[in-house]
Amino acid sequence: MIRTLYILFGFIVLGTLYTAEYRGWSLDTIEEVKNVPKSVRDNPGSYRSVYNTYHHYTGGK
Amino acid sequence: MSPDGPSPPGTPQVKSLNCPSCGAALVIRSFGQAVTVVCSHCHLILDAKDPNLKILQKFTASVYEDSPLIPLGTRGTIRGAAYDVIGFDRRTIHVEGVSYSWHEYVLFNPYKGFRYLTEYNGHWNDTTILRSLPTFYPNASPPALKYLGETYKQFQTAQAGTNFVLGEFPWQARVGESVEVCDYVSPPRLISSEKTGKEITWSMGEYMSGADVWKAFNLDGRPPEAVGVYENQPYPLSKAVTSIWIAFTAFLLIFFFLLMGFTMFAQNQLVYQGNYEFNSDGTGEASFIVGTFNLTGRTSDLQLETSTSLDNQWIYLNYALINQDTGQAYDVGREISYYYGYDSDGAWTEGSRRDTVAIPSVPSGTYYLRVEPESDPGLLTIFYSIALKRDVPQLWYFGIAFLALLIPPALITWRSINFEHLRWAESDYPPAYSGSDNSDEPEPGMPDQESQLFAGSNQAHKNTKSFDEDDTP
């Protein structure tokens, strides 16, 4: 029973691994935005990134 | 003999007698086989071989002091044969001031003879008397027996005293009698020797679960819960350990096949690379556009690598990968900082000058990249380069998958080791014992050294009590 469950689990893991690599999944956080106006190409300052409000680290030890 | 005529095959003969002391009815189910019978009312131990039931001993006990979990007279099926429970006793050992008691049930079948069930803390053993002697290896560590090709490690030696008896026994049972008991284990079996003077009786037990005993005797209710790990209790997943590692090895082959395949056949294509500089004191719009560039092939990731010349500085880069045709954008903000210095602890560094981020599942198409750098005003000019690579294998997933595959077999193996640790912690050879891990097999060159323990045992075994299975009507 345990062996059968493990074999099933193993195939799920390897299947997920294959899909992740084949489809190019990533663990990084990315925001998707739809319908960005074509004018951004000529006027990049018109685009408002979702990360604009990020508070930057200005540290050092 | 039954008053209704001859008993059908397999039914023990039952004879009713009366206790010579209290007059209570005595039921003798193994007539002709029992050596002693105990009156359940007055606790007289009587000589069952004597027609007048000679009194052998009287002991003081309450009837309810220790009532058997399987009532006397209950019939059950063990290994395909019907057995009646005809006797019950309790034995106790004392180890380091602590008393440990177990129970023995005497079972009888008129054709098969006697066998025994032992019970300790919900752990059961089906026990029979050995027909031949095992070979003893006293120099093994721990000492071991070999019987029918199987090695049994010595587990515990103790002086066991009988302190409660009920029913019939195929030996001269006495309350207060004491024997030296030595157990050798090879789960799920164990071999026990019981030494009285020069007599040694050898028996073999095989572990049974309480549920199996209850089923065998068709008992009501539930058996008592097994407590702890018993000396010959098999690890419930012992068979699974090997098979799971075999499955793990097979998965590992597939894993490496995938790793090699994705490493060798991934595009890993550099689609753009450019060098830039950023002056935070500059005026005007900081954002700019990189590209366009074509991403080809199947939907896959796009790795964005940034290398900088940071020197006790930071830079924040807003990236937006935008599909020129569909307007689909992938926004990602990356903060890169690198600091270093020297203090009372010595030299230190913090952060990195490089950064990598993978944008997932980007379809093919024509894209451009919007870049918007930020940093503190007054910092020197920061130089940085951007590289975009298409279809790069993400090794993180291989690491996660490897761990996921490894955890179940590792966990089961750890539990198995822990189970053995708990088992041997109760033995004369606890895990700290230096020789406990090198003696799965007796040394090949070791002669069969039958110790003094065996010196008289052959004869003793032949003469022993009348425990033998050949004692059938």
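Protein chains get the first letters and strands the later ones, always in sequence-line order, with residue 1 at the start of each.
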Winner by heavy-atom pair count (cut-off under 4.5 Å) against chain B, out of Glu21(A), Arg3(A), Met1(A): Glu21(A)
- prompt: Counting only heavy atoms not in Phe288(B), do more than 12 fall under 6.0 Å of its CZ?
  reply: yes
- prompt: Considering residues, nucleotides and ligands other than Lys38(A), do more than 12 of their heavy atoms fall under 6.0 Å from its NZ?
  reply: yes
- prompt: Heavy-atom distance under 4.5 Å to chain B: side chain of Phe9(A), backbone, both or neither?
  reply: side chain
- prompt: Do the side chains of Ile412(B) and Ile2(A) get nearer than 4.5 Å, heavy atoms only?
  reply: yes
message: What's the separation between atom OG1 in Thr292(B) and atom CZ in Arg41(A), rounded to the nearest 0.5 Å?
response: 5.5 Å
message: I need the minimum non-hydrogen distance between Gly10(A) and Leu405(B), along with the two atoms involved.
response: CA-CD2, 3.6 Å
- prompt: So which part of Asn323(B) gets closer than 4.5 Å to some heavy atom of chain A, the side chain, the backbone, both or neither?
  reply: neither
task: Identify which of Pro409(B), Ala286(B), Ser375(B) forms the greatest number of heavy-atom pairs closer than 4.5 Å to chain A.
output: Pro409(B)
- prompt: Can any side-chain N or O of Arg23(A) pair as donor or acceptor with the backbone N or O of Ser361(B) at less than 3.5 Å?
  reply: no
- prompt: If you look at every heavy atom in Ala358(B) and Asp28(A), which pair is closest and at what distance?
  reply: N-OD2, 2.8 Å
- prompt: Which atoms of Phe255(B) come close to chain A, meaning under 4.5 Å heavy atom to heavy atom: side chain ones, backbone ones, both, or neither?
  reply: both
- prompt: Do Val357(B) and Ile30(A) pass the side chain to side chain contact (heavy atoms under 4.5 Å, CB included) test, and can you show the C-alpha distance, the side-chain angles, and the key distance before you say yes or no?
  reply: CA-CA 9 Å; Val357(B) 60; Ile30(A) 306 292; 4.2 Å; yes
Under 3.5 Å, side-chain donor or acceptor atoms of residues 390-399 of chain B against the rest of the protein: list the pairs with distances, not counting sequence neighbours.
residue   : atom : partner   : partner atom : Å
Arg390(B) : NE   : Thr296(B) : O            : 3.2
Arg390(B) : NH1  : Ser300(B) : O            : 3.0
Arg390(B) : NH1  : Val362(B) : O            : 2.8
Arg390(B) : NH2  : Thr296(B) : O            : 3.4
Arg390(B) : NH2  : Arg298(B) : O            : 3.0
Arg390(B) : NH2  : Val362(B) : O            : 3.1
Asp391(B) : OD1  : Arg298(B) : NH2          : 3.4
Asp391(B) : OD2  : Gln267(B) : N            : 2.9
Gln394(B) : NE2  : Asp301(B) : OD2          : 2.8
Gln394(B) : NE2  : Gln303(B) : OE1          : 3.3
Gln394(B) : NE2  : Val392(B) : O            : 3.2
Tyr397(B) : OH   : Ser26(A)  : N            : 3.3

field: Side chain, backbone, both or neither of Thr349(B) within contact of chain A (heavy atoms, under 4.5 Å)
entry: neither
- line: When the 4.5 angstrom heavy-atom criterion is applied to Leu302(B) and chain A, the contacting part is neither
field: Step-by-step side chain to side chain contact (heavy atoms under 4.5 Å, CB included) determination, Leu258(B) to Leu17(A)
entry: CA-CA 9 Å; Leu258(B) 290 177; Leu17(A) 172 65; 4.0 Å; yes
message: Could you measure the distance from the CD atom of Glu32(A) to the OH atom of Tyr330(B)? Nearest 0.5 Å is fine.
response: 5.0 Å
field: Arg370(B) and Val40(A): CA distance, side-chain angles, deciding distance, side chain to side chain contact (heavy atoms under 4.5 Å, CB included) verdict
entry: CA-CA 9 Å; Arg370(B) 177 186 179 272; Val40(A) 170; 4.3 Å; yes
Side-chain (Asn35(A)) to main-chain (Gly327(B)) donor-acceptor, under 3.5 angstrom: no
- prompt: Is Ile400(B) close to Leu27(A) at the side-chain level, that is, under 4.5 Å between some pair of heavy atoms?
  reply: yes
query: Do any of residues 237-251 of chain B have a heavy atom less than 4.5 Å from a heavy atom of chain A, and if so, which, in residue order?
result: Leu237(B), Ala240(B), Ser243(B), Ile244(B), Ala247(B), Phe248(B), Phe251(B)
message: Quick one, Tyr22(A) with Thr299(B), criterion side chain to side chain contact (heavy atoms under 4.5 Å, CB included). Give me CA distance, side-chain angles, the key distance, then yes/no.
response: CA-CA 8 Å; Tyr22(A) 187 81; Thr299(B) 296; over 6 Å; no
